[in-house]
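The structure under discussion appears below in the form of C-alpha cells.
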Amino acid sequence: MAGEKVIIMDKMSLYLIIVLAPLFGSLLAGLFGKQIGKIGTHTVTILGLLVSTALSCYILKGFITGEEAVFNENLYTWLTVGNSLTVSVGFMVDQLTALMMVVVTSVSLMVHIYTIGYMKDDPGYQRFFSYISLFTFSMLVLLMSNNFVQLFFGWEAVGLVSYLLIGFWFKRPTAIFANLKAFLINRVGDFGFLLGIGLILAYFNAGLEYTAVFEAAPALKDTMITIIPGVEWNLMTVTCILLFIGAMGKSAQFPLHVWLPDSMEGPTPISALIHAATMVTAGIFMVTRMSPLFELSTTALTFIIVIGSITALFMGFLGIVQNDIKRVVAYSTLSQLGYMVVALGVSAYAAGMFHVMTHAFFKALLFLCAGSVIIGMHHDQDMRNMGGLRKYMPITWITMLLGSLSLIGTPFFSGFFSKDSIIEAVQFSNLPIANMAYWFLIISVFVTAFYSFRLYFLVFHGKERWKEPGFKHHADSNGEHHGLAPNQNPKESPWTMTLPLILLAIPSVIIGYYTIEPLLYGGFFGESIYIDAALHTVMASMSEHFEGAKAMGVHGFTGLPFWLALAGVIAAFVMYMVVPALPDKLKTIFKPIYTLLDNKYYIDDLYYLVFVKGSQKLGRFFWQVGDVLLIDSGIVNGSARVVAVCSAAFRKLQTGFIYTYAIAMILGLLILIVYWFYPVILKTFL
C-alpha cells in the first residue's frame, strides 16, 4: 500500500510539472519581463515548454509500449457541498490525454521558437511570451482534468487568454473588435456548455467526476424531462446537444464560427497556436472525452453530423474569395474542423482525433509559413501584391508546398491518411444523414485544393507584382501602410522562424503513415474512447477493409478524393497561372454568388442587425419607457409633481383668519358625528 502511494505521488508530481512548467515561465515573463529582458523572457518560457514537451513524450511512450497505466487521482478537495457533492482538483491521464498533451506542447514549443524572430521588434515582446505560455497551461489543464469543474476552468481560461492574444495589438480598433467578438460568441457556446453540466449535476446523482458520470449515464438513457410544459425531452439528448453547443463555440462550428476569421487580427504565432493545437481543438477533444454520453443519443450524433458537414463545405467556399493570406488559412481551419466534427457524429472518434493530430502539424506549418511571407513582404498580407516569392524565400516555399499537399489529402502525406479515414467512416455510417455529409465532404475536397493552391500560386509563382508600375503600398484596415518599396525584394526569414517550419514539415509529411494503424486499428485509445459497437459499426467496418498504410496510400491514387483534389489544383493553376484574367471574368459572370461569398453569407450582418442593433433598440426601449417615462417622469418627477399640487392646494387653506379655522373645525366635527352615528340615524328614519 505504501509503495502504491509513492508511485501515485510520483506520477502526480510528474503531471504537476507538465502543467505548471508553462505557467511558471508565463509568470516569470509577465511579472519580471523588464528585469530579465527579451533573451531571459524567451529562455524561461521555452524551457518551460521544453520540459512539458519532453515529459509528455515520455508519458505517451509509456502508453505506446504498455508500460504506462491510466492515471485518475485527485490532488486535493477544492469544494464540498453538504454530503452529496465534492469538487476536487485532479488529473485523468489516459491514451487520449497523452496524445493531445504531446500535440499541444510540441506545437506550442515550435510557436515559441518561431516567435523569437517574428516578434523581435515588437514592444510587447515579453507580454506576448507570457500570454502564449499561459495559453498552453490553460489547454493542459483542460486536457488533463478528471471532472467537469476543472474542465470548465480550463475551458474558460483558454477563452480568456485567446481574448488577450487576439487583441494583443490593443491600439488597433480592428483588434479590439475582433477579440470582443470572439469573447462574446464563445460566451454563447459556453452558456450551453454550462447548462449541460448543470443537467448532469441535477439528474445524474453522480457528482461531477467523469468516471462516476459515465457509470451513471446508461441507466438514464431513456429518462425524459420537461423543459417546456407539456413537452417531454430526452435527458441524454438535451445534455449532449448542450455540451456540443459549447464545442460549437470553441471549435468554431456554424453558426458560431464568425469569430475565428477575425482572430487573424492577432500576431501570426497566436493564429497558429489557436488554429492548430489549442482552443479550436478543445471542442473536438471534449466530445471525444464524453463519448460514453454521446453514444447514448443518436439524435445528438445526427445533429453533430449536420453542423460539421455544413461547416466543412460552406466555410470552405469562403476561402475561395479571400485575398488576405492568413484568412485563407483560417477558413481552411474552419473547413477541417468540420471534417473532425463529422467524424465524431458517425462515432469515428479515433478518426476525428487522428485528424486533430495531423492537422495540428500541417496547419501550424501553414500559418507559420504565412507569417514568414508576411515578414518577407514587410507586413503586407494581400496576396494580390505578392508573386514569385519562390526564389527569394526557398525554405518558406518548400515547407508551405508540403503543408498544402498534406492539407488537400495527397496520398502518403499525413493529411491524406486522416482526411480519407473520415470520408471512409462517413461512407460506412448507417445514420440517415450520413449520405448528405459524405457528398458535402467530397465536394469540399475540391474546394480545399482550389483555395490552397490559389494561395500557393499567387504567393510563390507568377509575376512579382510588387515590382509592377501601378503597385502601391498596401494600407490595412487601421490605415497603416505595409509592403515592399519599389527597389526592395523579400528575403528569407531568420533561422528562428525557418527552423520550426522545417521541424513541423517533417510530421506533416510522415506522421500519418506511421500512426494510422495503431491509432485507428491497433486499439491504442483503449477504453479512453467508448463506442456502442452493436449500434455504431463504423470503425469495425473500416478495420475489415484496412490493409496497411502502404496499401491505403497506393489505393488513394484511384479514389475519388484524389481526383477531385487534383482537379482543384489544376483549376487553380489554369485560373491564376495560365489565364490570369479568368478569375475577374468569372467574378463578373457570377457576381451575385461572389457577392454572397464576399459578404460571408451575410451572417455577420445578420448578427449585427439582430443582436447589436436589436440590443441597442431594446436598450433604447428600456431607457425611454422604463427610465425616462416610468422612473423619471412617473416615479421621481411624478411624485414631486403630486407633492407640489397637494402643497399648493393645502397652502390656499392656510388663510390666517380665525373664522376660517373655526368653520373647518365645525365641519370636521359634523363629519365625524355623521360617520359615527350614521347607522343609528339610518335605523331611526328608515
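Sequential numbering from 1 along the given sequence is applied to the chain's residues. Computed over heavy atoms, backbone and side chain alike; hydrogens, waters and symmetry mates excluded.
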With a 4.5 Å cut-off on side-chain heavy atoms, are Gln150 and Trp78 touching?
no
How about Leu79: does its CG atom have over 12 heavy atoms from other parts shown lying under 6.0 Å from it?
yes
Could you label the plane-to-plane angle of the Phe254 and His257 rings as parallel, tilted or perpendicular, counting under 30° as parallel and over 60° as perpendicular?
parallel
Would you say Phe177 has more than 12 foreign heavy atoms packed within less than 6.0 Å of its CZ?
no
Value for OG1 (Thr333) from CE (Met315), rounded to nearest 0.5 Å, stands at 13.0 Å
Asp324 bridged to Arg384 by N-O distance under 4.0 Å
no
Residue pair Leu96, Tyr349: steps toward the side chain to side chain contact (heavy atoms under 4.5 Å, CB included) verdict:
CA-CA 10 Å; Leu96 175 62; Tyr349 304 97; over 6 Å; no
Measure from the side-chain N and O atoms of Ser251 to the backbone N and O of Met248, and report whether any donor-acceptor pair falls under 3.5 Å.
no
Backbone of Leu49 reached by a side-chain donor or acceptor of Ser52 within 3.5 Å
no
Backbone N/O of Ala282 and side chain of Lys250: donor-acceptor pair under 3.5 Å:
no
Sub-4.5 Å side-chain heavy-atom contact between Val459 and Met400
no
Please check if atom CZ in Phe152 has more than 12 non-hydrogen atoms from other residues, nucleotides or ligands closer than 6.0 Å.
yes
Which is it for Asp94 and Thr97 under the side chain to side chain donor-acceptor pair (under 3.5 Å) test, yes or no, and what are the steps along the way?
CA-CA 5 Å; Asp94 53 14; Thr97 308; 3.0 Å; yes
Tell me the closest heavy-atom pair linking Phe135 and Leu273, and the distance in Å.
CD2-CD2, 3.8 Å
How far apart are the closest heavy atoms of Leu256 and Ile245, and which atoms are they?
CD1-O, 4.1 Å
Side chain to side chain contact (heavy atoms under 4.5 Å, CB included) between Asp122 and Trp169: does it pass, once the steps are laid out?
CA-CA 10 Å; Asp122 196 286; Trp169 287 317; 2.7 Å; yes
Provide the closest heavy-atom pair for Lys363 versus Ser332 in the form atom of the first, atom of the second, distance.
NZ-OG, 3.0 Å
State, yes or no, whether a side-chain contact exists between Val93 and Phe63 at a heavy-atom distance under 4.5 Å.
yes
So, do Ile59 and Leu55 sit near enough that their side-chain heavy atoms are less than 4.5 Å apart?
no
Flag this pair as yes if the NZ/CZ of Arg327 is under 6.0 angstrom from the six-membered ring centre of Tyr331 and inside a 45 degree cone about the axis; otherwise no.
no
So, taking the atom named NZ in Lys11 and the one named CZ in Phe91, what distance separates them when rounded to the nearest 0.5 Å?
13.5 Å
Taking it one step at a time, do Met139 and Met279 satisfy side chain to side chain contact (heavy atoms under 4.5 Å, CB included)?
CA-CA 7 Å; Met139 189 65 186; Met279 187 165 169; over 6 Å; no
What I want to find out is whether Lys600 reaches Asp605 closely enough, with some N-O distance under 4.0 Å, to be called a salt bridge.
no
Give a yes or no on this: more than 12 heavy atoms of other residues, nucleotides or ligands lie within 6.0 Å of atom CZ of Phe153.
no
Decide side chain to side chain contact (heavy atoms under 4.5 Å, CB included) for Ile375 and Tyr118; before the verdict, give the C-alpha distance in whole Å, the side-chain angles of both, and the deciding distance to 0.1 Å.
CA-CA 7 Å; Ile375 293 295; Tyr118 192 90; 3.5 Å; yes
Rounded distance [0.5 Å steps], CG in Leu143 versus CG in Leu151:
9.5 Å
To the nearest 0.5 Å, what is the distance between NZ (Lys181) and OG1 (Thr174)?
12.0 Å
Would you say Leu140 and Met101 make side-chain contact, with heavy atoms under 4.5 Å?
yes
Residue pair His112 / Ser133, side-chain donor-acceptor N/O under 3.5 Å
yes
Sort and list the pairs that fulfil side-chain hydrogen bond (donor to acceptor under 3.5 Å, both in side chains) and have at least one residue in residues 19-46, not counting sequence neighbours.
Ser26-Ser130, His42-Tyr125
So, the side chain of Ser145 versus the backbone of Leu142: is there a donor-acceptor pair under 3.5 Å, distance only?
yes
If the test is side-chain contact (heavy atoms from CB on, under 4.5 Å), which one of Leu504, Val329, Ile270 qualifies with Phe367?
Val329
Taking Ser414 for its side chain and Pro507 for its backbone only, find out whether a donor-acceptor pair lies under 3.5 Å.
yes
Inter-residue atom distance Trp495.CH2 - Ile113.CD1, 0.5 Å rounding
7.5 Å
Shortest non-hydrogen contact from Met119 to Phe168?
CE-CE2, 3.6 Å
For Ser372 and Ser493, test the side chains for any donor-to-acceptor distance below 3.5 angstrom and give the result as yes or no.
yes
Heavy-atom side-chain proximity of Leu164 to Asn179 below 4.5 angstrom:
no
Closest contact, heavy atoms only, Thr311 versus Ala252
CG2-O, 4.1 Å
Heavy atoms of Gly319 and Arg454 approach each other most closely as O-NH1, 4.0 Å
State, with a plain yes or no, whether a side-chain heavy atom of Leu458 is found less than 4.5 Å away from one of Met386.
no
Test your reading of the model: is there a side-chain donor-acceptor pair from Gln381 to the backbone of Ile374, 3.5 Å cut-off?
no
Between CD1 on residue Ile284 and CE on residue Met100, distance to nearest 0.5 Å
9.5 Å
Checking ring pair (Phe, Tyr, Trp, His ring centres under 6.0 Å) for the pair Phe244/Phe193: CA distance, chi angles, key distance, verdict?
CA-CA 7 Å; Phe244 180 67; Phe193 187 53; over 10 Å; no
Hey, does Trp466 have a side-chain heavy atom less than 4.5 Å from the side chain of Asn385?
no
Indicate, with yes or no, if the rings of Tyr15 and Phe71 have centres closer together than 6.0 Å.
yes
Tell me which one of Asn72, Asn74, Asn147 satisfies side chain to side chain donor-acceptor pair (under 3.5 Å) with Glu209.
Asn74
Using modelled atom types only, decide if a donor and an acceptor are shared between the side chain of Tyr210 and the backbone of Met92 within a distance under 3.5 Å.
no
Indicate yes or no for a side-chain donor-acceptor contact from Thr53 to the backbone of Thr105 under 3.5 Å, with no hydrogens or angles considered.
yes
